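For reference, the structure is listed below as structure tokens.
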Amino acid sequence: MAADFSHVAANVARVRERIARAAERAGRRAGDVTLVAVSKVFPAAAIRAAYEAGVRHFGENRVQEWESKCGELDGLDATWHLVGHLQSNKARRAAKLFHYVDSVDSLPLARRLDVAAAELARTLRVLIEVKLDPEPAKSGADPESLEWLAGSVLTLPHLDLQGLMAIPPFLDDPEQVRPYFRRLRGLRDDVARRLGRPLPVLSMGMTQDFEAAIKEGATEVRVGTAIFGARG
Ligand SMILES: *Cc1c(COP(=O)(O)O)cnc(C)c1O
């Protein structure tokens, strides 16, 4: 039996409401915060339900999983983001299947994406993922090398660097995560000023903490569980 995704529309409405309230409390406009629905693990039918509820940005974290689902969603007018770690050897497939790669964390990967985008005669929008969590296993570029990496990515003609993304450490209390969000915004402000280029996008905040992220300036929040349910 096909799974039932009739709860998704109500979840989307609730998340939008929470985004609007958080934006208002922060003196910002709800329209300045893009909702990216992270649909990993969930089937195409769930994505379609969110699309019908008005969602136009979706995030997936694996190239292969998205390859297996996207055929069923052909023709949906949505923006597809890769939000998970990308290995260089999958750069070509990613450039073909996604509009945005939100997880660029090295120059070799950026170069591969640039070459792939050139072959496809398109421009790929990218974010640099910054490693705010000192855990060695976590992915992302070191804050110390961020200015160098951003400057290098800006020279690649088929990549359009729009801003920064981060996944802070998982903490139970969203208030404890706020300093990490503030740090990402500070890094963005700094690098944009030093490079003389606006970097308008700050992708930060997930189900657990997106309201805190909006208070700290998030322009994109990546929400999975609150829209599609627990990933089991
Ligand atoms: C899964 C995932 C999310 C969404 O997480 P939730 O806690 O389910 O909202 C956001 N960003 C990335 C990079 C993810 O992999």
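Predicted, not measured: the structure shown is a model, and the values here were computed from it. In listed order, ligands and their atoms are each counted from 1.
- Within the structure, the closest approach of Gln208 to ligand 1 does not fall below 4.0 Å when heavy atoms are considered.
- Atom 9 (O) of ligand 1 has Thr207 OG1, 2.5 Å as its closest protein atom, hydrogens excluded (heavy atom only).
- Among all non-hydrogen protein atoms, the one lying nearest atom 10 (C) of ligand 1 is Met206 SD, 3.3 Å.
- Against a heavy-atom cut-off of under 4.0 Å, Val83 is close to the following atoms of ligand 1: 12 (C), 13 (C).
- For the pair Glu211 and Lys215, the salt-bridge criterion is not met [side-chain N within less than 4.0 Å of a carboxylate O].
- Of the residues Val201, Val104, Ile128, the one that meets the side chain to side chain contact (heavy atoms under 4.5 Å, CB included) test with Leu161 is Ile128.
- Partner of Trp80 under the ring-ring contact (aromatic ring centres under 6.0 Å, His included) criterion, chosen from Trp66, Phe98, Tyr51: Trp66.
- Of the polar atoms of Thr225, at least one N or O is found under 3.5 Å from an N or O of ligand 1, judged by distance alone.
- Atom CZ of Arg194 is surrounded by 12 or fewer heavy atoms from other residues, nucleotides or ligands within 6.0 Å.
- Where the criterion is an N or O separation shorter than 3.5 Å, residue side chain and backbone included, Gly224 meets it with respect to ligand 1.
- From the protein, the heavy atom lying nearest to atom 14 (C) of ligand 1 is Lys40 NZ, 2.9 Å.
- Taking every non-hydrogen atom of Val223 and a distance limit under 4.0 Å, the qualifying atoms of ligand 1 come out as 9 (O).
- The Ile167 neighbourhood of ligand 1 comprises atoms 13 (C), with distances under 4.0 Å to a heavy atom of that residue.
- Each of the atoms 4 (C), 9 (O), 10 (C), 11 (N), 12 (C), 13 (C) of ligand 1 lies under 4.0 Å from some heavy atom of Arg222.
- A side chain to side chain contact (heavy atoms under 4.5 Å, CB included) with Leu35 is found for exactly one of Arg16, Arg56, His57, Arg222, namely Arg16.
- Follow the hydrophobic side-chain contacts under 4.5 Å out from Phe228 and you reach Val12 in the same cluster.
- Within 6.0 Å of CZ in Arg62 there are 12 or fewer heavy atoms belonging to other residues, nucleotides or ligands.
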